[in-house]
Visitor: 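Sharing a structure below in C-alpha cells format, with a few things to ask.
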Amino acid sequence: MPKYDFGKIEKKWQKYWRENRIYEPDFNNSKNPFYNLMMFPYPSAEGLHVGNMYAFTGADIYGRMKRMQGYDVFQPIGLDGFGIHSENYALKIKAHPMEQAKVSEKRFYKQLEMIGNGFAWEEKLETYDPEYYKWTQWIFVQMFKRGLAYRAKAPVNWCSSCKTVLADEQVVAGRCERCGSFVEKRELEQWFFRITKYAEKLLKNLEKIDWSERVKIAQKNWIGKSEGALIKFPIPNSQISIKEIEVFTTRPDTLYGATFIVISPELAKSWMGNDWRAPGEVKKYVAKALENRSEEQKEKTGVFTGIYAINPATKEEIPVWVADYVLAGYGTGAIMAVPAHDERDMEFAKKFGLPVSNAPLEDKDKIIQKVGGRKKTQYRLRDWLISRQRYWGPPIPLVFCETCKKRAEISSSKFIVSKQQRKDFNRGELENPGWVAVPEENLPVELPFVKNFQPKGKGESPLASDKSFYETKCPKCGGKARRETDVSDTFLDSAWYYIRYPSVNAKQDSLETRNSKLEIPWNRKITRRWLPVDLYTGGAEHSVLHLLYVRFIALALHDEGLLDFGPSDAPKGEPFPKFRAHGLLIKEGAKMSKSKGNVVNPDEYIKRFGADTLRMYLMFLAPFEYGGDFRDAGILGISRFLERVWKLFSNKRQETKNIDKGLERKIHQTIKKVTEDIESLHYNTAISALMILLNEMEKQKSTSRASLTVFLKLLAPFAPHIAEELWEKFGNKSSIHKEKWPDYDSKLINEETIDLVIQVNGKHRATISVSRGLSEKEAVKLVLGDKKVKEALGKAKIRKTVFVKNRLINFVTDLT
RNA sequence: GCCCUCGUGGUGGAACGGCAGACACGCGAGCUUUAGGAGCUCGUGCCGAAAGGCGUAGAGGUUCAAAUCCUCUCGAGGGCACCA
C-alpha cells in the first residue's frame with residue numbers, strides 16, 4: 001500500500017463528490033429531510049478564516065452522521081457578501097466592492113471546497129446577486145405594504161467613520177460593531193422596521209425553542225420586558241397647556257416616597273415647543289444636554305423647572321426637574337423619583353439637596369387603583385433602523401412622489417373618504433404619505449455601478465449623487481418622482497437566506513391574493529417540506545443581531561400569510577427550533593487578530609497536514625460549544641493518528657473468523673459513545689473514543705473486516721476523505737457517506753466483570769474484580785475477606801454499609 | 001451595578017453525586033543505523049525512599065460519598081447597563 005498522500009486523496013474525493021452529486025438531496029420527493037444549516041460567511045477578509053472552518057466542520061460532522069443515519073441532509077453554502085463589512089474591506093484595499101465581490105467569491109468557494117464539507121453546491125447563493133436581492137427588496141415591499149416599515153425622525157446612532165446610521169443592535173458598548181469607532185446620536189429621518197410589534201412574541205417563543213441558553217438569555221435581556229404602571233401627577237394652577245405629567249414606574253408601591261419628578265431634556269423641549277416659557281437656565285441646560293447626549297455614565301446634572309406637580313398619593317406638591325439621566329425613548333420620558341428606593345434618584349437628591357422620604361410601601365395593585373393609574377408593560381427593544389447611507393447594499397425599493405403625498409394625506413385623514421379612495425393606498429403609503437412601493441414586477445431595483453461609491457457622510461448614500469438612478473416616474477401616478485437612495489441593512493439580506501436555499505433551483509411559485517397573483521421567492525411545497533431548519537449552528541456574537549432579526553422577519557412573513565413552514569415542535573413561524581452556538585477559536589490563549597499577527601490560515605495547514613487532519617484537530621481541542629485553543633504542536637497528535645489508521649488498514653487486513661470478545665465489546669462501546677457524542681456536539685470525546693479503539697485494534701494480531709468497516713464508518717464524519725479512500729480500497733463502489741451508520745448491541749457493551757471499589761468511611765481502600773450483577777450479600781462476604789480491607793477496618797465496628805451495584809461498597813464505621 | 005457562564009496536572013481537556021486527571025500535546029528514560037516534524041516500549045498531579053498522605057480557585061455546608069448540589073469570597077469571560 002502506498003503512503004498516505006492526503007493531498008492527492010482529498011482532491012480526488014472532492015471531485016468525486018461533486019460530480020456524483022453525493023450531497024444533493026431530492027427537494028421535491030425526499031421522505032426524510034434534514035436541513036442542517038450553518039451561518040453563511042461574509043467574505044470580507046483575505047480569505048477563509050480558520051474560525052470559519054472550525055464552525056463549518058462542526059456543523060458538517062453532525063450533518064454527515066445524520067446522512068448516514070438515513071436522513072436526506074441538506075447542507076447549503078453561500079456568501080453574505082452584500083453590506084458594510086464587504087464594502088469596508090473593499091475600501092481598505094482600494095477596490096470596487098462590485099469587482100472585489102467576484103474575486104472574494106472565487107477565493108472563498110475554492111477554500112470552502114478544500115475543507116471537505118458535504119455542501120450542496122448547486123444551491124449556493126450570494127446576497128449581492130440581483131437574482132437574490134430582488135427578493136430582499138420584495139420583502140422590504142411586503143413589510144412596507146403591511147405597515148411594518150415606516151419613516152420617522154428620531155435620535156439615531158451615527159458612526160462617523162462608517163458614515164452611516166446604525167441599528168441599536170449594531171452599537172456595542174457605545175461603539176460601532178463594525179469599525180469600533182464611538183457612535184454619536186443624531187436627529188435624522190430614517191426607515192424603521194416595526195420589530196417592537198413582535199416584542200412579546202419574540203420573548204414568549206424563546207421558552208419553546210431549543211437554543212443555547214446563553215443566546216436565549218441575551219435575547220431576553222435585549223427585549224427587556226418590565227411590568228409597571230403609568231401614573232399621572234397633576235400640575236396645579238398650570239400656566240401652560242401641560243396639565244399633568246405621566247410617569248412610568250415598575251415600583252408603584254413606592255409612590256408615597258416619590259419626592260420629586262424628573263423629566264428628560266427631550267420632553268422639556270417638546271413642552272417648550274408648546275407654550276411653556278421656560279427659565280433661561282432650563283433652556284440652556286436642555287440645549288446643551290440634547291447636543292451632547294453621551295451614553296456614558298457620568299455625574300448627575302439637572303435643573304429645576306420652576307414647576308410643581310402633585311403626588312397623587314400624598315397630595316403633596318413636589319418639584320419637577322429636568323435631567324439627562326432620564327431617557328426619552330423609554331416609558332413616558334418622565335419618572336417619579338424615589339430616592340429611598342432608587343440609587344440614581346438618591347444620587348440626584350443628594351447632589352441637589354432634595355428631600356428623601358422613607359414612606360412605607362403599599363400594595364402595588366391597590367395603589368394603582370387608588371390614584372387612577374394603569375398597568376403597563378414596557379419593552380427595552382426599539383424598532384429596527386433599516387436604512388443605511390452606503391453604497392454596497394440593496395437599494396430600498398421605494399419612490400417618493402409629491403403628487404401622491406397629497407392624495408395619501410387626504411385618504412389617511414379621518415375625514416370622509418370613499419372606500420375606493422382608501423383602497424388606492426396600502427398601509428405603508430397611508431402611514432408614510434408620498435412614499436410608494438416599487439411594484440413587485442419591477443424588481444429588482446438594480447444597484448448601479450457607481451465609480452465614487454465612497455460614503456459621503458452627509459446623511460446621504462452615494463446613490464444620491466447619481467441622477468440617472470434616483471430620477472424616476474411614480475409607479476402610481478406616472479408623475480415625476482425620486483427614488484429612495486439609501487440601501488437596506490445587511491442584516492436584512494441574511495434574515496431570509498435560509499428560506500431561499502432549498503428553492504434556489506425550484507420552480508417559481510406564487511400566492512393568490514385578493515386581486516392578483518403574487519410571485520414569491522420560495523417554492524411553497526418545498527418550503528413546507530424542508531423548513532423550519534432542523535439544526536442551525538453559528539456564532540454567539542449574533543445573539544441579538546442576526547438571530548433576533550431573522551426570527552422577526554419569519555414571524556412577520558408568517559403572520560402576513562406569505563410564508564408557511566412545515567410542522568415542528570417550535571411555535572408556528574419560528575425558523576430555527578434548534579440552535580447551537582459554537583465556541584470561539586483562539587490561538588495560544590489570545591484572540592486571533594491581524595494586529596497581533598496570530599491569525600491561522602487554514603490553507604497552510606491543509607497543505608502540510610491535510611484537511612482531514614486539520615478538521616479532526618480543530619474538533620479535538622474542546623467541546624464544539626466551548627471553542628478551542630489552537631496550538632501548533634497539538635496537530636501532530638492527530639496527524640499521527642491518521643497515519644496509524646492508514647497503516648492499520650494496510651497491514652492488518654487479514655480476515656479473522658474468531659472475533660476477539662474484548663475487541664467486540666470495545667467496538668460496541670465506541671459506536672455508542674461516538675453516536676451520542678456527535679449528537680451532543682462533544683466531538684472531542686468522540687475522537688478520543690476512536691483513538692482508544694484504534695489503540696485496541698493495533699494490539700490485535702489481525703482484525704476482522706467487520707471491525708474495520710465499523711471503524712471506518714465512525715471515522716467518516718470526522719475525516720471524510722481518508723475514510724472514503726480506505727472504503728474504496730476495501731472494494732466498495734459507492735460512497736461511504738451514503739452507508740448506514742452502525743448500530744450497537746447494548747447487550748454486548750457491558751463487561752462481564754467489573755471493578756468494585758471498596759471504601760471505608762468514604763475513602764478508597766481497594767478495588768477488586770467481581771462478576772457483574774453481584775449482590776450486596778455476596779459482595780460483603782467477598783470483600784470482608786480482603787486483607788487490605790481488614791487492615792483498614794481494624795477494630796472499628798461497621799455501623800452502616802452502602803452498596804451501589806456494579807460500582808462500589810462503602811463501610812461506615814463508628815468513629816474511634 | 002444587574003444577569004449569565006466558567007475556575008481541574010507543565011498545556012488542551014476527561015469524569016451518570018461513586019477509583020479525579022480519559023484521550024492527546026509536552027516532557028523523561030529506553031529500544032531501533034535512526035538525519036524524518038520518524039517509529040515503537042515504558043513512565044509522567046504534588047509531597048514522600050516507601051508505606052502512606054495531600055489534591056479540582058478559597059472558606060463553610062448538605063451527604064455514607066462532592067470537581068459535580070447549596071451559601072459566601074476571590075478571579076476570568078460574556079450579555080445588559082442612568083431602561084425608572
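Every chain is numbered from 1 and lettered A, B, ... according to where its sequence line falls, protein lines coming before strand lines.
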Visitor: A/Asp629 has a side chain; which of B/G12, B/C19, B/C40 sits nearest to it?
Guide: B/G12
Visitor: State the pairing partner of B/G28; accept Watson-Crick or G-U wobble contacts with both distances under 3.5 Å, and report none otherwise.
Guide: B/C42
Visitor: The side chain of A/His764 lies closest to which of these nucleotides: B/C19, B/C80, B/A84?
Guide: B/C19
Visitor: So what's B/A59 paired with, Watson-Crick or G-U wobble, going by both distances under 3.5 Å?
Guide: B/U71
Visitor: Rounding to an integer number of Å, can you tell me how far A/His682 NE2 sits from B/G12 P?
Guide: 18 Å
Visitor: Tell me the partner of B/A14, counting only Watson-Crick (N1-N3 plus N6-O4 or O6-N4) or G-U wobble (N1-O2 and O6-N3) with both under 3.5 Å; none if nothing fits.
Guide: none
Visitor: Here's a test of your reading of the structure: between A/Ala218 and A/Thr249, which maps to the more 5' nucleotide of RNA chain B?
Guide: A/Ala218
Visitor: Given B/C19, B/C64, B/C54, which nucleotide is nearest the side-chain atoms of A/Lys763?
Guide: B/C54
Visitor: Since syn is defined as within 90° of 0, does B/G30 count as syn or as anti?
Guide: anti
Visitor: Give me the distance, rounded to whole Å, that separates B/G75 from B/A84 when you measure between the C1' atoms they each carry.
Guide: 32 Å
Visitor: Looking at A/Arg807, does any N or O in its side chain come under 4.0 Å of the phosphate oxygens OP1/OP2 on B/A65?
Guide: no
Visitor: Across all strands, who's sitting opposite B/A65 as a Watson-Crick or G-U wobble pair, both distances under 3.5 Å?
Guide: none
Visitor: Let's see if you can work this out: which of B/G18, B/C80, B/A15 has an atom nearest to the side-chain heavy atoms of A/Arg380?
Guide: B/C80
Visitor: Counting heavy atoms from C-beta on, name the nucleotide in B/C19, B/A22, B/C64 closest to the side chain of A/Val757.
Guide: B/C19
Visitor: Any strand counts, and the cut-off is 3.5 Å on both contacts for Watson-Crick or G-U wobble. Which nucleotide pairs with B/U34?
Guide: none
Visitor: Pick the P atom in B/G28 and in B/A38, then give their distance to the nearest Å.
Guide: 13 Å
Visitor: Return yes if the base of B/C82 and the side-chain atoms of A/Lys300 contain a donor-acceptor N/O pair under 3.5 Å, otherwise no.
Guide: yes
Visitor: Would A/Arg551 count as a cation-pi partner of A/Trp222, with NZ or CZ less than 6.0 Å from the six-membered ring centre and within 45° of the ring normal?
Guide: no
Visitor: May I ask you to test the A/Asn761-A/Thr813 pair for a side-chain heavy-atom distance under 4.5 Å?
Guide: yes
Visitor: Ignoring hydrogens and geometry beyond distance, is the side chain of A/Asn221 in donor-acceptor contact with the base of B/C80 at under 3.5 Å?
Guide: no
Visitor: Show the nearest heavy-atom pair for residues A/Ala581 and A/Val215, with the distance to one decimal.
Guide: CB-CG2, 4.2 Å
Visitor: What distance do A/Phe641 atom CZ and A/Asn695 atom CG have between them, rounded to the nearest 0.5 Å?
Guide: 8.5 Å
Visitor: Please report the distance, rounded to the nearest Å, between CD in A/Gln669 and P in B/A14.
Guide: 20 Å
Visitor: Given B/G37, is OP1 or OP2 found less than 4.0 Å from the side-chain N or O atoms of A/Arg640?
Guide: no
Visitor: Using atom P of each nucleotide, how far apart are B/U68 and B/C42 to the nearest Å?
Guide: 34 Å
Visitor: Enter syn or anti for the glycosidic conformation of B/G9, syn applying to angles within 90° of 0.
Guide: syn
Visitor: Taking the side chain of A/Arg631 as heavy atoms from C-beta outward, which of B/G39, B/U11, B/C19 is closest to it?
Guide: B/U11
Visitor: Between A/Ser226 and A/Glu213, which is nearer to the 5' end of RNA chain B once each is assigned its nearest nucleotide?
Guide: A/Glu213
Visitor: Check for a donor-acceptor pair, side chain of A/Lys220 on one end and backbone N or O of A/Lys225 on the other, with a separation under 3.5 Å.
Guide: no
Visitor: Can you tell me the Watson-Crick or wobble partner of B/A76, both distances under 3.5 angstrom?
Guide: B/U5
Visitor: Taking the side chain of A/Met691 as its heavy atoms from C-beta onward, which of B/A84, B/A24, B/A81 lies nearest to it?
Guide: B/A24
Visitor: Measure from CZ on A/Arg765 to P on B/G52 and round the result to the nearest Å.
Guide: 8 Å
Visitor: For B/G53 and B/G61, measure between their C1' atoms and round to the nearest Å.
Guide: 25 Å
Visitor: With a 4.0 Å cutoff (strictly under), does any side-chain N or O of A/Ser688 reach OP1 or OP2 of B/G13?
Guide: no
Visitor: To the nearest Å, how far apart are A/Phe803 CZ and B/G18 P?
Guide: 16 Å
Visitor: Parallel, tilted or perpendicular: which fits the ring planes of A/Tyr617 and A/Phe630, with parallel below 30° and perpendicular above 60°?
Guide: perpendicular
Visitor: Do the side chain of A/Asp755 and the main chain of A/Ser769 share a donor and acceptor less than 3.5 angstrom apart?
Guide: no
Visitor: Rounded to the nearest 0.5 Å, how far does CG of A/Asn806 lie from OG1 of A/Thr753?
Guide: 10.5 Å
Visitor: Between B/G37, B/C4, B/C82, which nucleotide gets closest to the side-chain atoms of A/Ile217?
Guide: B/C4
Visitor: Considering only atom P, compute the distance from B/A22 to B/A14 and round it to an integer number of Å.
Guide: 12 Å
Visitor: Nearest whole Å is fine: how far is B/G26 C1' from A/Phe620 CZ?
Guide: 14 Å
Visitor: Taking atom P of B/U63 as reference, at what distance in whole Å does atom CG of A/Leu808 sit?
Guide: 18 Å
Visitor: In Watson-Crick or G-U wobble terms, both distances under 3.5 Å, what is the partner of B/A50?
Guide: none
Visitor: Roughly how far apart are A/Leu774 CG and A/Ile809 CD1, rounded to 0.5 Å?
Guide: 8.5 Å
Visitor: Which whole number of Å gives the distance between the P atom of B/C16 and that of B/A76?
Guide: 29 Å
Visitor: Over how many whole Å does the gap from A/Asn810 atom CG to B/G17 atom P extend?
Guide: 18 Å
Visitor: Identify which nucleotide among B/C82, B/A81, B/C19 has an atom closest to any side-chain atom of A/Trp222, counting heavy atoms from C-beta outward.
Guide: B/A81
Visitor: In this structure, how many angstroms lie between the P atom of B/C23 and the NZ atom of A/Lys666, rounded?
Guide: 9 Å
Visitor: Among B/G26, B/C80, B/A84, which is the nearest nucleotide to the side chain of A/Ala633?
Guide: B/G26
Visitor: Could you tell me how far B/C31 sits from B/G37 if I compare only their P atoms? Round to whole Å.
Guide: 23 Å
Visitor: For a quick test of reading the model: is some side-chain N or O of A/Tyr330 closer than 4.0 Å to OP1 or OP2 of B/A84?
Guide: yes
